[in-house]
Amino acid sequence: MAGGLDTLGFRNEEANLLAVVILSRGNCGLSTCTTHYLVAMATADLQFIITEVILWPFSNYFPESFLNITPVCSVIIALLHAARDCSVWFTVTFSFDRFVAICCQKLKTKYCTEKTVTMVLVTTCSLLCLKNIPFYFIYEPREGMNNLWRGCYEKPSYFAEPGWVVFGWFDTVFTPLLPFTLILLLNFLTVRYILVASRVRKRLRSQSKGECRTDPELESRRKSVILLFTISGNFILLWLVYIINFFYYNITGIVPGDYNDSEYILEQVGWMLMNLCCCTNTFIYGVIQSKFREQLKSAVKYPVAAIIQLITKKNCHQKGEHPNIFSPRL
């Protein structure tokens, strides 16, 4: 099972890295703002996979490794939470950017610019990193080995002291409850605007031309909305079990040690789907964006084509050096 998880982690890491490279080139037919947000989400997903699926399990499987030293694994956990928050909140900022681009034409010219996108992403990332610094201080070592404290285990005070309890609630409300609500609200407002605008536009076109033809504006808007709803819908569905588990845990007052089999399974399924949320955006890009698929095929074919070209050049060079062997006499 561990081997399978590690293999899946490395495969998703490679896929997200490839997505970052392809999207960064800007040849996928997307706007500059959309490209920046998608690159930021793919980078955050890559960071999450490295810390959650690779570094953290490695520190547990090899307790004598450098990664299992208490200060080091505490840093890994803090980075894990920061990467998770960035992945979630970049989805929120992307949803808001698409909402402005579609529904707020006057604000669009000022907000949907490369400078604004860069400022939003940098500010969001910086604030989220600061917000997750307390996670470094939550853990304590289990034992000392070779004059070093090893292992990261939650302090009992984390579940009892009011300050830590408030921080735990703040962390869960901040991610994912607030983003969950904001994405639902933004999608609802976007859908409502599109339906109203589409009816009006179709009515005007039918009155002016007497027939319904393909509308480039509606087609462009449709593609943008499909990408938005697929990414945000993926987030909502994959975080839903985690949110249900959170409310169940707090309403019933159950502590982690009191979980029975069904409650434990629900918790693990929630964590699994939450982690999966940071591994599926590359698949979404590939399914929806035809130009992304073209770039992906080119990236996959490039090493093979390069090897074939190298072999061909080598053979041609050899033919030039040995004409008596490889070519007939003139």
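The hydrophobic clustering, which links ILVMFWY residues whose side-chain heavy atoms are closer than 4.5 Å, places F170 and L182 together. Follow the hydrophobic side-chain contacts under 4.5 Å out from W56 and you never reach Y153; the two are in separate clusters. Y193 and V100 fall within a single hydrophobic cluster, where Ile, Leu, Val, Met, Phe, Trp and Tyr are joined by side-chain heavy atoms under 4.5 Å apart, directly or via other members. With hydrophobic clusters built from ILVMFWY side chains whose heavy atoms lie under 4.5 angstrom apart, V166 does not share a cluster with F246. The same ILVMFWY cluster, assembled from side-chain heavy atoms under 4.5 Å apart, contains both I102 and L189.
Looking at every heavy atom in both residues, E154 comes nearest to Y158 through OE2-CE2, 4.2 Å. Here the shortest heavy-atom pairing between F174 and P179 reads O-CD, 3.0 Å. When all heavy atoms of K108 and A101 are compared, the closest pair comes out as CD-O, 3.5 Å. Residues F247 and L177 approach most closely at CE1-CD2, 4.0 Å, considering heavy atoms. When all heavy atoms are compared, the tightest approach of T175 to W89 is OG1-NE1, 3.2 Å. The two residues Y139 and K155 come nearest to each other via the heavy atoms O-CE, 3.6 Å.
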Carefully, step by step, assess F90 and F94 under the rule ring pair (Phe, Tyr, Trp, His ring centres under 6.0 Å).
CA-CA 6 Å; F90 287 164; F94 171 67; over 10 Å; no
Go through it in stages, so that I can follow the logic: the residues are S126 and T123, the test is side chain to side chain donor-acceptor pair (under 3.5 Å), and I'd like the CA-CA distance, side-chain angles, deciding distance and then a yes or no.
CA-CA 5 Å; S126 301; T123 303; over 6 Å; no
Assess whether side chain to side chain donor-acceptor pair (under 3.5 Å) is satisfied between S31 and T34, documenting all intermediate values.
CA-CA 5 Å; S31 66; T34 300; 2.9 Å; yes
From CA spacing to verdict: side chain to side chain contact (heavy atoms under 4.5 Å, CB included), Q47, T43:
CA-CA 6 Å; Q47 179 64 40; T43 304; 5.8 Å; no
Between N275 and E52, does a side chain to side chain donor-acceptor pair (under 3.5 Å) hold up when you go through it step by step?
CA-CA 8 Å; N275 293 341; E52 168 69 15; 3.3 Å; yes
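Rounding to the nearest 0.5 Å places SG of C103 at 10.5 Å from CZ of R98.
Between W164 and F167, the ring planes lie perpendicular to each other; the angle is over 60°, past the 30° to 60° tilted range. Taking the six-membered ring where tryptophan is involved, the planes of Y242 and W239 are perpendicular, since the angle between them exceeds 60° and thus also 30°.
Under the 4.5 Å side-chain criterion, counting only non-hydrogen atoms from C-beta, Y111 is in contact with V120.
D171 has a carboxylate O that lies under 4.0 Å from a charged side-chain N of R84, or vice versa, which qualifies the two as a salt bridge.
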